[in-house]
There are 2 protein chains.
Amino acid sequence: MLTPMASGRDGERTWSIAQVAAEFGVTHRTVRHYEDIGLIAPERHGTRRVFRRRDRTRLALILRGKRLGFPLEEIRTIIDLYDAPRGKTSQLEYAITQARKRRVDLEERRRDIDESLAELGAFEASCQADLDRLS
Amino acid sequence: MLTPMASGRDGERTWSIAQVAAEFGVTHRTVRHYEDIGLIAPERHGTRRVFRRRDRTRLALILRGKRLGFPLEEIRTIIDLYDAPRGKTSQLEYAITQARKRRVDLEERRRDIDESLAELGAFEASCQADLDRLS
DNA sequence: CTTTACGTTGACGTTAACGTCAACTAGGGA
DNA sequence: TCCCTAGTTGACGTTAACGTCAACGTAAAG
């Protein structure tokens, strides 16, 4: 019952909104919301949205950003960073400084995670010790 | 101008709401909100809130959870996990399974972060290469 | 004793990120 | 042709996490 959408004349595969929503585990409404605020911009065939690989890539970036707890507006700046114009030196330098900021942010989050994992490990060990003592 | 709150008769230091708010970089309102939903439960002297080390520890856990993008309700379950009763074997076993779930979740987030950092590194390198080529 | 700083409780407002109808359209199969 | 499925656009509702008054209490300082 798989009904891959007709490939465009250029042979690139496309997907319907139901297909991408199912694939990424979100609702139709969520996809529409991301389009509303300009995070994705699927083409149209008539009135229907047509998703290409590019759109799926962006969706993956968005959802990973969400898992990491970033608000959509911040996710937008990340995506924009990745496909901003990079022709001029000033643009490249700006991109690099932005990337460094993101790196700092992400590394701090990783420290938070490592701390959490360490505490969790100690907690588990402590519980296990109590269990052993009780048996 | 430091005015540490009077220490209780048991010699344990305490803090006012303004002090903890400033220390953790949040507003008075935020602290109150956490109390409203039961994430912290500072004592009272008369009508005023009195914070002890325990409260500050919890605040630190809450805010780290927030940095990691967890909703407050999920943060509550984490905190509850840490100071739930652990007397009986069944309680200990439950605590351990909960802790394992959290570990899985955190490890997945760390993978997300590592992927993000890898992509970011490649991006920076690519920008740098373009810059070198232009100079 | 009055001002001032700090604290308190409502209670309504706001923003983000969708959920949830309702009402409509468009294409394909029986 | 008729209907069914999938898709579309509003538009209002909802939840989380506070922001932002307003109105009041109180303890210490001048």
Side-chain angles (χ1 to χ4, degrees), chain A residues 1-8 14-52 55 58-79, chain B residues 1-8 14-52 55 58-79:
Chain A
M1 287 318 189
L2 275 178
T3 311
M5 272 187 116
S7 350
T14 64
W15 290 262
S16 73
I17 190 170
Q19 289 172 330
V20 294
E23 181 175 352
F24 287 97
V26 297
T27 70
H28 153 184
R29 180 65 179 87
T30 297
V31 175
R32 252 190 64 202
H33 181 61
Y34 295 160
E35 185 182 12
D36 285 346
I37 64 176
L39 286 183
I40 53 178
E43 290 176 22
R44 299 291 176 116
H45 280 175
T47 100
R48 312 209 155 175
R49 292 171 177 84
V50 173
F51 295 80
R52 297 187 180 283
D55 301 304
R58 294 178 72 102
L59 263 176
L61 279 176
I62 294 168
L63 296 176
R64 193 179 61 193
K66 284 210 61 189
R67 284 196 301 276
L68 295 179
F70 293 109
L72 292 181
E73 276 314 308
E74 196 164 348
I75 292 175
R76 179 209 303 282
T77 73
I78 304 175
I79 296 187
Chain B
M1 285 320 188
L2 274 177
T3 311
M5 272 186 117
S7 353
T14 64
W15 290 263
S16 73
I17 190 171
Q19 289 171 330
V20 294
E23 180 175 353
F24 287 98
V26 298
T27 69
H28 152 184
R29 181 64 179 87
T30 297
V31 175
R32 251 191 64 201
H33 181 59
Y34 295 160
E35 185 182 12
D36 284 347
I37 64 176
L39 287 183
I40 53 179
E43 288 175 24
R44 301 291 176 114
H45 279 175
T47 102
R48 314 211 154 173
R49 292 170 177 84
V50 172
F51 295 80
R52 297 187 181 283
D55 301 304
R58 294 178 73 102
L59 263 176
L61 279 176
I62 294 168
L63 296 176
R64 192 179 63 193
K66 285 210 60 190
R67 286 197 301 277
L68 295 179
F70 292 110
L72 293 180
E73 277 313 309
E74 196 165 346
I75 292 175
R76 178 208 304 281
T77 73
I78 305 175
I79 296 187

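All values below were derived from every heavy atom in this structure, side-chain atoms included, with hydrogens, water molecules and symmetry-related copies excluded. Proteins come first, then strands; the chains are lettered A, B, ... in the order of their sequence lines, and each starts at number 1.
Look at Thr30(A) and you'll find a side-chain N or O under 4.0 angstrom from OP1 or OP2 of dG19(C). Listed pair Ser16(A) / dA6(D) fails the phosphate criterion, with no side-chain N or O lying under 4.0 Å from OP1 or OP2. Phosphate contact (OP1/OP2 of dC18(D), side-chain N/O of Thr27(B), threshold under 4.0 Å): absent. At least one side-chain nitrogen or oxygen of Arg49(B) sits closer than 4.0 Å to the OP1 or OP2 atom of dT9(C). For dC18(C), the OP1/OP2 oxygens have a side-chain nitrogen or oxygen of Tyr34(A) closer than 4.0 Å.
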**Prompt:** Can you check salt bridge (Lys or Arg N to Asp or Glu O under 4.0 Å) on Glu73(B) and Arg76(B), steps first, answer last?
**Reply:** CA-CA 5 Å; Glu73(B) 277 313 309; Arg76(B) 178 208 304 281; 2.9 Å; yes
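Along DNA chain C, the nucleotide nearest to Arg32(B) and the one nearest to Lys66(A) differ in position, and the one closer to the 5' end is contacted by Arg32(B). Annotation: of the two residues near DNA chain D, Pro71(B) and Thr47(B), the 5′-most nearest-nucleotide partner is Pro71(B).
For the pair Glu73(B) CD and dC18(D) C1', the computed distance is 14 Å after rounding to whole Å. One can place NE2 of His28(A) at 17 Å from P of dT5(D), the figure rounded to the nearest angstrom. Across the protein-nucleic acid pair, Arg29(B) atom CZ and dT8(C) atom P stand 13 Å apart, rounded to whole Å. Atom-to-atom, CD1 of Ile37(B) to C1' of dA17(D) comes out at 8 Å; the value is rounded to the nearest Å. In this entry the distance linking CD of Glu74(A) with C1' of dA17(C) reads 15 Å, nearest Å. Atom pair His45(A):NE2 and dT8(D):C1' shows a separation of 16 Å (rounding to whole Å applied). In this structure, CZ of Arg76(B) is placed 10 Å from P of dA17(D), rounded to the nearest angstrom. Taking atom CZ of Arg44(B) as the reference point, atom P of dC6(C) lies 19 Å away to the nearest angstrom.
In plain terms, the two heavy atoms of Ile75(A) and Ile62(A) that are nearest each other are CD1-O, 3.5 Å. The shortest heavy-atom contact between Arg58(B) and Ile79(B) is NH2-CG2, 3.1 Å. Closest non-hydrogen pair, Gln19(A) versus Thr14(A), comes out as OE1-O, 4.4 Å.
Side-chain contact check for Glu35(B) versus Pro42(B): some heavy-atom pair is nearer than 4.5 Å. Put simply, the side chain of Arg49(B) does not reach to within 4.5 Å of the side chain of Glu43(B), judged on heavy atoms.
Here dA26(C) is the nucleotide among dA17(C), dA26(C), dG7(C) with the atom lying nearest to any side-chain atom of Arg48(A). Nearest nucleotide to the side chain of Ala18(B), out of dC18(D), dG7(D), dG7(C): dG7(C).
Arg52(B) places no side-chain N or O within donor-acceptor distance of the main-chain N or O of Asp55(B), the cut-off being under 3.5 Å.
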**Request:** Map every base of DNA chain D to its dot-bracket character, where paired means a Watson-Crick or G-U wobble contact with both distances under 3.5 Å and | marks a partner outside the strand.
**Result:** ||||||||||||||||||||||||||||||
